[in-house]
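The figures that follow rest on heavy atoms only: side chains count, while hydrogens, waters and symmetry mates do not. Throughout, residue positions are numbered sequentially from 1 according to the sequence presented.
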Amino acid sequence: MKIGIPKEITVGETRVAVIPAMISVFTKDEHEVLVQSGAGDEASFFDSEYESAGATVVKGAAELYGESDIVIKFQAPIENTDLGKHEIDLMKDAAILVSSLPPRTHAELIPKLLKRNITTFAMEYLPRITKAQSMDVLSSMSTVAGYKAVLVAAYHLGKFFPLLMTAAGTIPPVTALILGAGVAGLQAIATAKRLGAKVEAFDPRPVVQEQIESLGARFIAMPMQEDVETSGGYAKAQSDAFLKQEQEVIAARLPNVDAVVTTAQIFGKPAPVLITEEMVKLMHPGSVIVDLAVADGGNCELARPGETVEKYGVTIFGAANIASSLPVHASQMHSKNLATLFKYIFTSSDDGIDYDDEIVKGMLITRNGEVVNDMVKQTLK
Ligand code: NAD
């Protein structure tokens with residue numbers, strides 16, 4: 001098979017799906033890897049390194065997509081305005097696509113994938129089971145995002161994070177509030193702690209309290225409890241009453257915090273609003289909010305994707321696709337996840353794919369001109 005690694009064309013995207021060091025995993029079993037020229041440039045992985053690693057560098061997107069049996073990419077396919085064609089329409093008929101496919105893109109992309117008879121594997125639907133952890137791109141990118149969000153907060157804040165005892169006086173540590181303590185939130189807590197902040201955090205899934213406390217942060221208790229964990233490890237949408245109380249609890253903390261990182265998400269649904277415009281007014285001037293859920297509507301009412309909003313003296317950074325601001329390690333982690341996934345998917349039964357396998361079944365979205373994933377069928381209704 002020919003495996004194609006295109007250059008990502010989404011605005012602001014700097015990552016590449018597979019780095020040179022991982023090419024040898026894909027070229028085993030006589031597969032050939034095609035890399036679009038310049039695909040790794042922005043992540044500091046250059047054409048010559050891909051060639052040395054055994055890949056063939058091809059000039060443009062038309063050639064790359066047109067020759068590949070499998071396309072492995074980071075971002076969901078989009079229109080290639082230079083070529084006047086959608087990336088899906090550049091693919092070979094009945095080729096295989098392995099990429100991100102967020103639920104918000106389904107209505108537009110699924111009909112195109114069906115029309116071209118593409119077999120699609122979407123990273124968002126990888127089952128969250130122990131066996132699949134080493135393939136989990138979402139976790140990898142959340143790790144990057146949680147880390148970088150705290151650095152962005154520190155950059156915008158006019159204060160030191162740690163306690164400093166200097167000849168010019170003692171400076172107390174800042175207080176950071178992390179909302180949502182999944183993969184990104186836990187990484188944000190760990191990073192803020194490493195920088196010396198006092199950290200507080202909240203997540204409605206009960207199992208998370210212990211994880212927050214084990215990182216040395218204070219868990220913010222909520223009087224009301226709701227059964228919010230799905231069997232897949234995600235949070236379910238909470239009731240209006242729960243969210244109202246959560247906002248009250250957060251509002252009580254906001255006058256005392258310097259930096260807030262919000263990471264709260266509900267898979268396939270808009271992100272819950274945790275900080276309203278009125279609540280922003282409660283913060284001290286000079287405080288910072290970094291909203292990692294902004295692409296799904298945002299946890300802070302004032303956050304805008306990719307923008308830095310200044311309101312009531314507070315800086316609100318809408319951290320859309322923040323993982324691409326750390327392209328070297330983000331690409332490295334993605335490559336490792338994809339290499340593990342590739343070896344897993346394309347080694348089992350006769351035609352190379354065991355369609356009854358739990359991981360394959362979970363992330364397979366379209367095949368033979370049909371939507372085969374039940375969760376995706378629901379999103380299209
Ligand atoms: P996510 O990105 O979908 O959501 C981020 C966090 O937001 C979650 O912890 C969620 O509980 C929280 N949240 C939702 N509503 C909230 C609200 N109103 N207020 C505050 N927080 C809210 O989730 P994620 O980080 O990708 O994963 C969640 C969990 O899934 C992880 O903590 C982990 O336990 C599990 N997981 C398992 C695997 C695996 O086993 N392979 C892989 C990844 C994650």
Side-chain angles (χ1 to χ4, degrees), residues 102-104 124 128 138 142 145-146 149 175-186 188-189 199-215 217-284 287-305 309 311-312 314 316-319 375 378-379 381:
R104 62 177 176 275
E124 284 79 4
R128 310 203 102 179
L138 254 52
S142 292
T175 300
L177 172 64
I178 315 296
L179 296 173
V183 182
L186 291 174
I189 294 170
V199 184
E200 307 178 346
F202 175 71
D203 192 294
R205 289 181 300 116
V207 292
V208 181
Q209 176 169 358
E210 197 189 323
Q211 296 165 5
I212 289 173
E213 288 171 349
S214 73
L215 288 169
R218 188 169 87 82
F219 179 74
I220 300 174
M222 274 254 296
M224 187 175 179
Q225 306 277 324
E226 224 173 55
D227 176 17
V228 291
E229 184 146 347
T230 67
S231 54
Y234 283 115
K236 285 187 228 160
Q238 300 100 37
S239 67
D240 289 346
F242 182 93
L243 282 175
K244 187 166 176 287
Q245 190 181 79
E246 184 177 352
Q247 287 181 356
E248 284 164 11
V249 170
I250 294 167
R253 299 305 312 144
L254 290 179
N256 305 313
V257 304
D258 303 286
V260 182
V261 173
T262 71
T263 74
Q265 292 192 327
I266 310 292
F267 186 72
K269 299 218 157 62
V273 174
L274 306 182
I275 303 179
T276 61
E277 179 164 359
E278 282 306 303
M279 290 165 71
V280 172
K281 293 181 189 167
L282 299 169
M283 298 183 77
H284 283 299
S287 307
V288 178
I289 299 172
V290 177
D291 190 337
L292 286 185
V294 73
D296 286 306
N299 296 140
C300 174
E301 246 173 25
L302 297 178
R304 298 288 170 268
V309 175
K311 211 136 186 220
Y312 312 113
V314 178
I316 302 131
F317 182 74
M375 277 169 82
Q378 292 299 325
T379 69
K381 274 187 182 160

| query | Quick one: does Asp291's side chain have a donor or acceptor within less than 3.5 Å of a partner on Phe317's backbone? | reply | no
| remark: Ala303 and Gly318 have their tightest heavy-atom pair at CB-CA, 4.5 Å
| field | Interatomic spacing from CD1 in Ile266 to CD in Gln238 - rounded to 0.5 Å | value | 4.5 Å
| query | Quick one: does Met283's side chain get under 4.5 Å of Val257's, heavy atoms only? | reply | yes
| Can you tell me how far CG of Leu243 sits from CD of Glu248, rounded to the nearest 0.5 angstrom? | 11.5 Å
| field | 4.5 Å side-chain heavy-atom contact, Leu177 and Leu254 | value | yes
| query | Does Asn256 offer a backbone N or O that forms a donor-acceptor pair with the side chain of His284 under 3.5 Å? | reply | no
| query | If you take all heavy atoms of Pro103 and Gly268, which pair is closest and at what distance? | reply | CG-CA, 3.8 Å
| field | Rounded distance [0.5 Å steps], CD1 in Ile189 versus CD in Gln211 | value | 9.0 Å
| note | Between the OG1 atom in Thr262 and the CD1 atom in Ile275, the distance rounded to the nearest 0.5 Å is 6.0 Å
| remark: For Asp203 and Gly182 the tightest heavy-atom approach is OD2-N, 3.8 Å
| request: Quick one: pull up CZ in Phe219 and CD in Gln209 and give me the separation to the nearest 0.5 Å. | output: 4.5 Å
| request: Applying side chain to side chain contact (heavy atoms under 4.5 Å, CB included), run through Gln247 and Val273 and close with a yes or a no. | output: CA-CA 8 Å; Gln247 287 181 356; Val273 174; 4.2 Å; yes
| Over all atoms of both residues, closest heavy-atom pair of Val280 and Tyr312 | CG1-CD1, 4.1 Å
| task | Locate the shortest heavy-atom distance separating Arg205 from Ala181; write the atom from each residue and the value. | result | NH2-O, 4.0 Å
| message | Do Met375 and Phe267 make a side-chain contact, defined as non-hydrogen atoms from C-beta onward lying under 4.5 Å apart? | response | yes
| task | Kindly check if the number of other-residue, nucleotide or ligand heavy atoms within 6.0 Å of NZ (Lys281) is above 12? | result | yes
| query | Is the backbone of Leu292 close enough, under 3.5 Å, to the side chain of Thr263 for a donor and an acceptor to pair up by distance? | reply | no
| task | Starting at CD of Gln245, measure out to CD1 of Ile250 and round the result to the nearest 0.5 Å. | result | 11.0 Å
| request: Indicate the atoms forming the closest heavy-atom contact of Val249 with Pro223, along with that distance. | output: CG2-CD, 4.3 Å
| Heavy-atom distance under 4.5 Å between the side chains of Asn299 and Pro272, does that happen here? | yes
| Close side-chain approach of Lys311 to Glu277, heavy-atom, < 4.5 Å | yes
